[in-house]
Number of protein chains: 2
Amino acid sequence: MVRRDKSNYIIQSVAHALDVLEEFRGEMDELGVTELSKKLKLHKNNVFRILATLQSRNYIEQNRTNDNYRLGIKCLELGQTFIHQRGLLKQAQPILSELAESSAETSYISIIRGNEVVYLDAVETTSTVRVVSRVGLHMPVHATAAGKALIAFDSEEELRRRFHSELPRFTKNTITSSEEILNVLGVVREKEYAIDQEEFEDGLCCIASPVRDYTRKVIAALSVSGPAHRLSIDRIEQSVGPEVLRCAKMLSIRLGYRE
Amino acid sequence: MVRRDKSNYIIQSVAHALDVLEEFRGEMDELGVTELSKKLKLHKNNVFRILATLQSRNYIEQNRTNDNYRLGIKCLELGQTFIHQRGLLKQAQPILSELAESSAETSYISIIRGNEVVYLDAVETTSTVRVVSRVGLHMPVHATAAGKALIAFDSEEELRRRFHSELPRFTKNTITSSEEILNVLGVVREKEYAIDQEEFEDGLCCIASPVRDYTRKVIAALSVSGPAHRLSIDRIEQSVGPEVLRCAKMLSIRLGYRE
DNA sequence: TACATATATTCTATAACATGAAAGCGTGTC
DNA sequence: GACACGCTTTCATGTTATAGAATATATGTA
């Protein structure tokens, strides 16, 4: 079906009401009927009735001393509902499942706390060889894919502040040079996903991609981890890497991110 | 005039739209047209058109994979606007009072709008020599302490975009060189408070400190202003500056800021 | 494959109601 | 007191929101 544009179905009176509501976004937090009427080219009686309707639901309230109108508490509640419903873990759940299935590895959602990655949730792989779950663990930023994805888009100043000396080693693959990690992060920024090839734990590889929200900032990392023998460079670059990136972008959109 | 109850002026179609919007408050974050139609006893076509209208303004968005609808980013923005317009002033009130008392000068809370500082509220000094209140006034960012505090933490790119040519002069002390203002802002970032020494108005000095909220961004400036003869450099650096900073930090915490 | 079901979307005509015009009321200023 | 201004109230009509039905698509089942 070729869908008609939804603008064909707009209800004019509702749109006018939204016009009124949106006038309160400006620098003036209190507005009068006449002022709104002039700004919106609506008759005063119309503005009054729209305000009365919005006021009846507490989206708008009236300052009794000067008769001006301002936003009401319902606006705050609506915003809080948005935040609640669009919460990270809730929105991540279906995407973690999808990623675990499509990659056949364990998927994770993690955040940054100081210099550590915190794994918040996971969906296990169905493969026969499993790795130990990381949920609840704190891990070093520089030696994990999730950590790299979480910080890759920080400012250069912030990154230099974070990496100014030799980094702790965990395996023979761990990157311990600040200079080298900064280079790797440049690659992460280009590819939009990060890799950990047995840098934190022998035999374990991870791929992670940044997740953003309505603030447009990286707020989490979506990642997949599995044994090195299953996660070859080929498989990472041809299949799992782009899949993690795709899922991370999907999650970002669900969290209100707009490119 | 005995005012009639405003329920006499409610616009039914707008009320229906608000009914639809409010159905998204529950645990179900995604809802379909038919479900909403049944819950609200509105015809499906009506619900569809209301959703289309709300969607055109981003109060509602549609999940493309399952055709369900959910709250859109505008709800968050509306909530944020409410917080901005109502939360700040309410939380600032007691701190303005405290600061006016401890500094024995007039305290202000102000925000930035474009290239101007807007003074939202003030608590007067109890000193015998008073200055004219600035509440409601718009003033140039570069020539006021509040303006400097509001922009000091913008990115260098943003600051260079803002200050790229000669700045307007108000007094013999006004900083008119873009290069110099950028240097001064560096000092503001170090001290976490800004000074205006008769730069906008002869005989008037101000000290301002940035106020942040849960977004971790600078959203307002807390300031003190008084006559130059009372606000010596010594007094500013030894007493009033740190006091303004302390109060600004207190207000930041009240607004949800966490270091 | 055919059929049933469910849902979002599309179309249309009419009567309901949103709009526009004007009047009323309260407050402030000269 | 006269006038200006802004919010609120009243009323009639014509615009448009509503109600009813149809359409298109996807999914599930036999």
Side-chain angles (χ1 to χ4, degrees), chain A residues 1-24 28-57 59-72 94 98, chain B residues 1-24 28-72 136:
Chain A
M1 170 168 68
V2 178
R3 291 189 166 185
R4 289 186 67 183
D5 189 45
K6 280 193 181 175
S7 59
N8 289 288
Y9 302 104
I10 284 177
I11 295 172
Q12 192 178 44
S13 59
V14 175
H16 286 158
L18 298 176
D19 287 335
V20 168
L21 194 58
E22 284 162 24
E23 275 302 314
F24 291 91
M28 292 306 301
D29 62 343
E30 290 198 350
L31 296 162
V33 171
T34 306
E35 189 177 358
L36 282 163
S37 172
K38 284 175 183 164
K39 282 189 177 185
L40 297 170
K41 299 190 169 53
L42 289 174
H43 201 275
K44 280 201 288 183
N45 164 265
N46 269 359
V47 170
F48 174 76
R49 290 189 63 191
I50 287 168
L51 288 168
T53 308
L54 291 169
Q55 190 178 357
S56 75
R57 304 298 184 90
Y59 290 95
I60 289 283
E61 70 181 33
Q62 194 172 22
N63 181 337
R64 284 204 215 110
T65 62
N66 60 14
D67 283 342
N68 279 346
Y69 291 85
R70 62 198 172 199
L71 291 182
E98 181 176 336
Chain B
M1 170 168 67
V2 179
R3 292 189 166 184
R4 292 187 65 183
D5 189 44
K6 281 195 180 171
S7 60
N8 289 288
Y9 303 103
I10 284 177
I11 296 173
Q12 193 178 39
S13 59
V14 174
H16 286 158
L18 297 176
D19 286 337
V20 168
L21 195 56
E22 284 163 22
E23 275 301 315
F24 291 91
M28 290 304 300
D29 61 344
E30 292 197 350
L31 296 162
V33 171
T34 305
E35 191 176 357
L36 282 163
S37 171
K38 284 174 184 166
K39 281 187 178 186
L40 297 170
K41 299 191 166 57
L42 290 174
H43 201 276
K44 279 200 289 180
N45 165 267
N46 270 1
V47 171
F48 175 74
R49 290 189 63 190
I50 288 167
L51 287 169
T53 308
L54 291 169
Q55 191 178 358
S56 74
R57 303 300 182 90
N58 291 308
Y59 290 94
I60 289 284
E61 69 181 36
Q62 192 173 22
N63 180 338
R64 280 198 221 113
T65 62
N66 61 13
D67 282 342
N68 278 347
Y69 292 85
R70 63 197 171 199
L71 291 182

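On a predicted model such as this, the values are computed, not experimentally measured, just so you know.
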(Q) Checking B:S7 now: which residues fulfil side chain to side chain donor-acceptor pair (under 3.5 Å) with it, not counting sequence neighbours? (A) B:D5

Q | side chain to side chain donor-acceptor pair (under 3.5 Å) partners for B:E23, two or more places apart | A | none

(Q) Can you measure B:L51 atom CG to D:dT18 atom P for me and round it to whole angstrom units? (A) 13 Å

Q) For B:S37, what residues pass the side chain to side chain donor-acceptor pair (under 3.5 Å) criterion, not counting sequence neighbours? A) none

Q: Can you tell me the distance, in whole Å, between the CD atom of B:E35 and the C1' atom of C:dA6?
A: 13 Å

(Q) If I take atom CG in residue B:L54 and atom P in nucleotide D:dA17, what distance separates them, rounded to the nearest angstrom? (A) 14 Å

Q: Using side chain to side chain donor-acceptor pair (under 3.5 Å) as the criterion, list what pairs up with A:Q12, not counting sequence neighbours.
A: none

Q) Which of residues 36-50 of chain B have a heavy atom under 4.0 Å from DNA chain D? A) B:H43, B:N45, B:N46, B:R49

Quiz: residues 38-48 of chain A side-chain donor-acceptor pairs under 3.5 angstrom, not counting sequence neighbours:
unit_1, atom_1, unit_2, atom_2, d
A:H43, ND1, A:N45, N, 3.3

Q. So, is B:Y69 close to the C:dT7 phosphate, meaning a side-chain N or O under 4.0 Å from OP1 or OP2?
A. no

Q. Can you check whether B:Q62 has a side-chain N or O nearer than 4.0 Å to OP1 or OP2 of C:dT9?
A. yes

Q. Looking at A:Y9, does any N or O in its side chain come under 4.0 Å of the phosphate oxygens OP1/OP2 on C:dT9?
A. no

Q. Is any side-chain heavy atom of B:L36 less than 4.5 Å from a side-chain heavy atom of B:L51?
A. yes

Q: Tell me, please, which residues at least two apart from A:E30 pass salt bridge (charged side-chain N to carboxylate O under 4.0 Å, His left out).
A: A:R70

Q) What residues form a salt bridge (charged side-chain N to carboxylate O under 4.0 Å, His left out) with A:E98, not counting sequence neighbours? A) A:R246

Q. Are the side chain of B:Q62 and the backbone N or O of B:D67 linked by a donor-acceptor pair below 3.5 Å?
A. yes

Q: Quickly work out the B:I60 CD1 to C:dT9 P distance and round it to whole Å.
A: 13 Å

**Q.** Proximity to DNA chain C (any heavy atom under 4.0 Å), residues of residues 10-18 of chain B only
**A.** B:I11, B:Q12, B:S13

**Q.** Euclidean distance, atom CD of residue A:Q55 to atom P of D:dC7 [Å, nearest integer]
**A.** 13 Å

